[in-house]
Amino acid sequence: MATYFTEPSRTFGEYLLVPGYSSSECIPSAVSLKTPLVRYRKGEEECPITMNIPMVSAIMQSVSNDTMAIALAKEGGMSFIYGSQSIADEAAMVARVKSYKKGFIVSDSNVRPDATLGDILELKKKTGHSTVAVTDDGTANGKLLGIVASRDYRVSRMSTDVRVSEFMTPFEKLVVADEETTLKEANDIIWDNKINSLPLIDKNQHLKCMVFRKDYDSHKENVNELLDQNKSYMVGAGINTRDYAERVPALVEAGADVLCIDSSEGFSEWQSRTISWIRAKYGDKVKVGAGNVVDREGFRFLAEAGADFVKIGIGGGSICITRETKGIGRGQATAVIEVAKARDEYYQETGIYVPICSDGGIVHDYHITLALAMGADFVMLGRYFSRFDESPTHKLRINGTYVKEYWGEGSNRARNWQRYDMGGAKKLSFEEGVDSYVPYAGALKDGVSVTLAKVKSTMCNCGALTIPELQEKARLTVVSSTSIVEGGSHDVMLKNDVSTIAP
């Protein structure tokens with residue numbers, strides 16, 4: 001006879017936190033969001049990898065590339081570069097993150113001297129950058145001939161047909177520096193010469209990179225940067241259970257700090273085989289997460305197999321239709337609560353703490369706080385990060401509203417059959433994800449800062465200054481459908497809606 005669970009599985013939207021006592025010390029600026037990313041043993045001074053915020057970006061084509069990884073690492077979180085691409089391309093993305101020199105920017109706005117003012121304006125519209133390098137071949141590493149900044153032209157007084165060579169600041173009048181110049185030296189040159197940008201060139205006058213005045217302030221603002229021992233940004237990478245023998249060595253060589261098996265269902269022999277192969281070849285040196293699971297048995301299986309963290313969630317993603325197509329899954333809140341209990345049991349029995357990640361089911365910012373309170377060490381987000389400038393998808397204008405593309409790894413567009421691998425043919429038999437749009441939300445930094453401000457404020461309402469303290473002190477209540485309605489604005493006419501009422 002089948003096993004029946006007597007209690008329904010619940011989502012984050014069915015819970016609220018009940019406020020606790022807040023002392024005068026419980027202020028948002030005093031809250032620490034540091035959290036462990038990988039397993040560690042009781043008694044060790046600290047976890048081998050600790051994040052400064054409890055947020056990672058999903059292993060998805062429409063979310064996590066090298067641009068997203070750099071932006072999120074600046075805020076203290078980590079991206080997992082998507083694995084549904086060639087091994088060489090994924091390794092190249094990881095390498096670009098690891099080799100990224102903070103403050104040294106490879107120019108993405110470049111033209112030839114025979115380009116026109118119209119070309120400059122189009123390029124500015126595309127990149128949003130007002131400083132354009134003029135090189136002999138129009139590339140980022142061509143011979144530097146000049147610079148065009150917004151002060152070099154006036155649209156109202158110049159024809160868009162005028163050549164760049166006629167109004168650019170020529171090389172002879174530029175302040176430049178050698179490519180070996182340190183960031184501190186470059187910033188000193190910028191301040192001493194009262195300039196906004198400094199090109200760094202090699203001995204043949206080829207442009208190598210740029211240093212901008214505005215990035216100095218930006219660097220000082222990013223106090224939570226997630227850096228390795230070499231002061232490079234940290235980055236994760238997705239792998240599958242098919243080509244790991246070739247993909248893992250390439251990603252390790254590229255510098256990936258953490259790997260994660262990208263799979264819709266983690267309670268399988270395929271995952272234990274993958275982890276065993278990694279342990280046999282690299283020991284504990286290479287960190288690898290696994291998942292996804294939704295119950296105690298699934299967690300125990302992966303923890304005992306050697307996973308460094310375990311992801312929770314099946315069918316809860318906004319673009320996931322696994323529950324519709326296969327009738328399998330579990331409410332995310334219930335899954336997190338049960339797996340968190342299993343994680344704590346495992347820690348008591350073995351002295352080994354295996355962090356857990358809530359993946360999916362996050363609709364509102366406060367759901368992140370609920371996931372943490374229920375026991376998650378961090379959350380993995382797809383839709384949330386896909387909305388920002390730094391995601392790899394196109395920004396479009398539809399019906400007067402800006403949106404970004406967002407598609408699931410199980411969609412026909414992604415064709416990521418490896419994620420749904422059950423040992424059969426190498427194909428996607430049916431879709432488990434959709435192709436969609438999400439509202440455009442601007443810069444990642446701005447969005448994440450607002451979200452974390454909400455998380456910290458709620459933690460203070462619960463009398464907690466750290467995530468472990470929140471998990472200890474949190475009191476949660478199931479809410480009724482009518483109390484959910486009560487929680488939003490009701491029985492009033494919103495000012496924005498009044499104008500639509502007929503006179």
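As a basis for the values below, the full set of heavy atoms in this structure was taken, side chains included, without hydrogen atoms, waters or symmetry mates. This structure is a prediction, so every number in the text was calculated from the model and none was measured.
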Item to complete: Walk me through it: do S84 and Q61 pass the test side chain to side chain donor-acceptor pair (under 3.5 Å)?
Response: CA-CA 7 Å; S84 51; Q61 294 175 7; 3.0 Å; yes
Could you pull out all residues at least two apart from [X] that satisfy ring pair (Phe, Tyr, Trp, His ring centres under 6.0 Å)?
X	result
H206	none
F104	none
Y366	H364

Exercise for the section: Assess whether side chain to side chain donor-acceptor pair (under 3.5 Å) is satisfied between Y40 and E46, documenting all intermediate values. Expected result: CA-CA 8 Å; Y40 62 94; E46 60 181 19; over 6 Å; no
When you compare the side chains of [X] and [Y], does any donor N or O come within less than 3.5 Å of an acceptor on the partner?
X	Y	answer
T369	K454	no
D365	T451	yes
T127	S109	yes
T139	D137	yes

Got [X] and [Y] here, is their nearest side-chain heavy-atom distance under 4.5 Å?
X	Y	result
V94	K98	yes
I59	C260	yes
H394	E405	yes
N240	D243	yes
E75	K445	yes
L381	S57	no
F299	Y346	yes
R112	T135	no

Exactly one of R330, R296, R300 clears salt bridge (Lys or Arg N to Asp or Glu O under 4.0 Å) with E338, and that residue is R330
Salt bridge (Lys or Arg N to Asp or Glu O under 4.0 Å) between E269 and R273, worked out:
CA-CA 6 Å; E269 182 180 345; R273 285 186 185 180; 2.9 Å; yes
Quick check against the 3.5 Å criterion: does [X] have a side-chain atom that pairs as donor or acceptor with the backbone of [Y]?
X	Y	result
R247	A91	no
K287	D284	yes
D136	G142	no
S276	S272	yes
Q85	Y82	yes
S62	Y406	no
N292	G313	yes
S436	W407	no
D308	V288	yes
N187	L183	yes

On a heavy-atom basis, which atom in [X] and which in [Y] lie closest, and how many Å separate them?
X	Y	answer
F309	L259	CE2-O, 4.2 Å
V211	I190	O-CD1, 3.6 Å
S386	T393	O-OG1, 4.3 Å
A290	I275	CB-CD1, 4.0 Å
S64	P392	N-CD, 4.3 Å
I328	I314	O-CG2, 4.0 Å

Step by step, work out the side chain to side chain donor-acceptor pair (under 3.5 Å) result for S232 and N230.
-> CA-CA 5 Å; S232 295; N230 298 316; 5.7 Å; no
Distance under 6.0 Å and angle within 45° of ring axis: K395 vs Y402: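 Relative to the ring axis of Y402, which defines the angle, K395 lies inside both limits.
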message = On the six-membered ring of F385, is R383 placed so that its NZ or CZ lies under 6.0 angstrom from the centre and within 45° of the ring axis?
response =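 Ring-cation test returns no.
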For E179, check salt bridge (charged side-chain N to carboxylate O under 4.0 Å, His left out) against everything at least two apart and list the hits.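 In terms of salt bridge (charged side-chain N to carboxylate O under 4.0 Å, His left out), with neighbours along the sequence ignored, E179 is linked to no residue.
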The complete set of ring pair (Phe, Tyr, Trp, His ring centres under 6.0 Å) pairs with one or both residues in residues 319-338, sequence neighbours excluded, reads none
field: N110 side, atom CG; T131 side, atom OG1 - distance, nearest 0.5 Å
entry: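 The CG atom of N110 sits 11.5 Å away from the OG1 atom of T131.
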**OP:** Would you indicate whether E345, at its atom CD, is surrounded by more than 12 heavy atoms from other residues, nucleotides or ligands within a distance under 6.0 Å?
**Re:** yes
What do the steps show when you test K208 against D178 for salt bridge (Lys or Arg N to Asp or Glu O under 4.0 Å), and what is the final call? CA-CA 9 Å; K208 305 307 291 184; D178 181 81; over 6 Å; no
Practice item. Name the orientation class of the two ring planes belonging to Y347 and Y353 (parallel below 30°, tilted from 30 to 60°, perpendicular beyond 60°). Key: perpendicular
For this session: Please state whether the rings of H367 and F12 are parallel, tilted or perpendicular, taking 30° and 60° as the class boundaries.
Result: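 Correct class here is tilted.
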Problem - Evaluation steps, side chain to side chain donor-acceptor pair (under 3.5 Å), between T274 and Q271 - result: CA-CA 5 Å; T274 304; Q271 295 224 358; over 6 Å; no
For E390, side-chain contact (heavy atoms from CB on, under 4.5 Å) partners two or more places apart: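 E390: side-chain contact (heavy atoms from CB on, under 4.5 Å) contacts with T67, M68, A71, F388, A443, L444.
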